[in-house]
Q: 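Submitted below is the structure of interest, expressed as structure tokens.
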2 protein chains.
Amino acid sequence: MNKVSSPLAVSLSARPLHAKDALVIARVCSALSDPVRLRLFDLVRRAGAAGVCSCDLTEPLDRSQPTISHHLKVLREAGLVESRRDGTWIWYSATPKVFAVVTNYLSSVS
Amino acid sequence: MNKVSSPLAVSLSARPLHAKDALVIARVCSALSDPVRLRLFDLVRRAGAAGVCSCDLTEPLDRSQPTISHHLKVLREAGLVESRRDGTWIWYSATPKVFAVVTNYLSSVS
DNA sequence: TAGATATATTGACAGATGTCTATATATCTG
DNA sequence: CAGATATATAGACATCTGTCAATATATCTA
């Protein structure tokens, strides 16, 4: 149980958390450290593989369009969501792979 | 799978993440959003129930004593660690309960 | 009580962050 | 091409954050 079993696993191992691994996890946690961004991510992930149009994300979060755009960029750069253009608008969907790092680490606590 | 199964669960339910729940999760994520603080928390949790003396946390993280003290305060206020005094020094230990909220939410992604 | 040690607080400062308005860019449609 | 719509970028600003040196507080011991 205290054994690293996959390349992505940063769970509770024998050695303390390396500075390098800490950066990866902190990066994801940082992306989720803002309430608005967290709810934004929540809206994206519930949309599943199909994704959600960016135009449907501004109004429910009560923030300006540039602010939402900014938050989406942060989520994208953290590897939590990805986007694809479809004509005039852009669809965002969650990319849960990055979560493996964080959940592997966090879940080993409880 | 999209079902809330426990009182603490803020997992992927029928409704979007409330602003209130988002605050709770964001608060924890925020506490873990700094690499130094993340490694600090890691050192505390590996100490188990016995905890670790604050005096042993400054050197391995290469930060000044006030800085470590500050980070420990942030972790404490986020509910991630608790402290008890034993004479001149203070022992910190992890309080994994708060994690339930975050891990329940995050783990429902992958 | 006085000195030593451990931890917390204060105050400062540079850099990051969330937000907005204004503007730019990209794409579609007529 | 011209107008409309969707998204991104730039710039500004107030607030927050990580860090340190200096200092205060708490506790032990002689």
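Convention: sequence-line order gives letters A, B, ...; per-chain numbering from 1. Hydrogens, waters and symmetry mates play no part in the numbers below; they use all other heavy atoms, side chains included.
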Q: Whole angstroms only, please: what is the CG-C1' distance between Asp86(B) and dA6(C)?
A: 12 Å
Q: Please tabulate, one pair per line, each protein N/O and nucleotide N/O from nucleotides 2-4 of chain D that are separated by under 3.5 Å, including the distance.
A:
none

Q: Count I, L, V, M, F, W, Y as connected when their side-chain heavy atoms are under 4.5 Å apart, and connections chain through other members. Are Val74(A) and Val24(A) then in the same cluster?
A: no
Q: Below 3.5 Å between N/O atoms, which protein atoms pair up with nucleotides 18-21 of chain D? Just atom names and distances, please.
A:
unit_1: dG18(D); atom_1: OP1; unit_2: Arg37(B); atom_2: NH2; d: 3.1
unit_1: dG18(D); atom_1: OP2; unit_2: Arg37(B); atom_2: NH1; d: 3.1
unit_1: dT19(D); atom_1: OP1; unit_2: Arg63(B); atom_2: NE; d: 2.7
unit_1: dT19(D); atom_1: OP1; unit_2: Arg63(B); atom_2: NH2; d: 3.0
unit_1: dT19(D); atom_1: OP2; unit_2: His71(B); atom_2: NE2; d: 2.5
unit_1: dC20(D); atom_1: OP2; unit_2: Ser64(B); atom_2: N; d: 3.0
unit_1: dC20(D); atom_1: OP2; unit_2: Ser64(B); atom_2: OG; d: 3.0
unit_1: dC20(D); atom_1: OP2; unit_2: Thr67(B); atom_2: OG1; d: 2.8

Q: To the nearest angstrom, how far is Ile68(B) atom CD1 from dT9(C) atom P?
A: 15 Å
Q: Count the heavy atoms of every other residue, nucleotide or ligand shown that sit under 6.0 Å from CG of Asp86(B), and state whether that count exceeds 12.
A: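 Buried by this count: over 12 neighbours within 6.0 Å.
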Q: Of the options dA8(C), dA6(C), dT27(C), whose atoms approach the side-chain atoms of Cys55(B) most closely?
A: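 Closest nucleotide among those given: dA6(C).
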Q: Do Leu38(A) and Leu43(A) belong together in a cluster built from hydrophobic side chains that touch within less than 4.5 Å?
A: yes
Q: Could you state the atom-to-atom distance from CG of Leu40(A) to P of dT19(C) in whole Å?
A: 11 Å
Q: Take the protein atom CD of Glu77(A) and the nucleotide atom P of dA16(C), then report the distance between them rounded to whole Å.
A: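 To the nearest whole Å, that distance equals 14 Å.
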Q: Determine whether Ser54(A) and Trp89(A) satisfy the following criterion, side-chain contact (heavy atoms from CB on, under 4.5 Å), listing intermediate values before the conclusion.
A: CA-CA 7 Å; Ser54(A) 173; Trp89(A) 52 82; over 6 Å; no
Q: So does Leu80(A) get a backbone contact from the side chain of Thr95(A), meaning a donor-acceptor N/O pair under 3.5 Å?
A: yes
Q: In whole angstrom, what separates Trp91(B)'s CH2 from dA6(C)'s P?
A: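 Whole-Å distance recorded here is 12 Å.
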Q: Nearest whole Å is fine: how far is dT17(C) P from Leu75(A) CG?
A: 13 Å
Q: Distance check needed: dT7(D) P versus Arg76(A) CZ, whole Å only.
A: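 Atom-to-atom, Arg76(A) to dT7(D), this comes out as 12 Å.
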Q: Let me check something: do Leu57(B) and Ile90(B) share a hydrophobic cluster, defined by ILVMFWY side-chain heavy atoms less than 4.5 Å apart, either directly or through other members?
A: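 Yes, Leu57(B) connects to Ile90(B) through the hydrophobic network.
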Q: Think Lys73(A) has a side-chain N or O under 4.0 angstrom from the OP1 or OP2 of dT7(D)?
A: no
Q: Does Asp21(A) offer a backbone N or O that forms a donor-acceptor pair with the side chain of Arg39(B) under 3.5 Å?
A: no
Q: If you measure from CG on Leu17(B) to CD1 on Ile25(B), what distance do you get to the nearest 0.5 Å?
A: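 Here the interatomic distance stands at 5.0 Å.
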Q: Any chain of hydrophobic side-chain contacts (each under 4.5 Å) joining Leu61(A) to Val52(A)?
A: yes
Q: Nearest-Å distance, CZ (Arg85(A)) to P (dC28(C))?
A: 8 Å
Q: Quick one: which of dT7(C), dA8(D), dT7(D) gets closest to the side chain of Tyr92(A)?
A: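 Looking only at side-chain atoms, Tyr92(A) lies closest to dA8(D).
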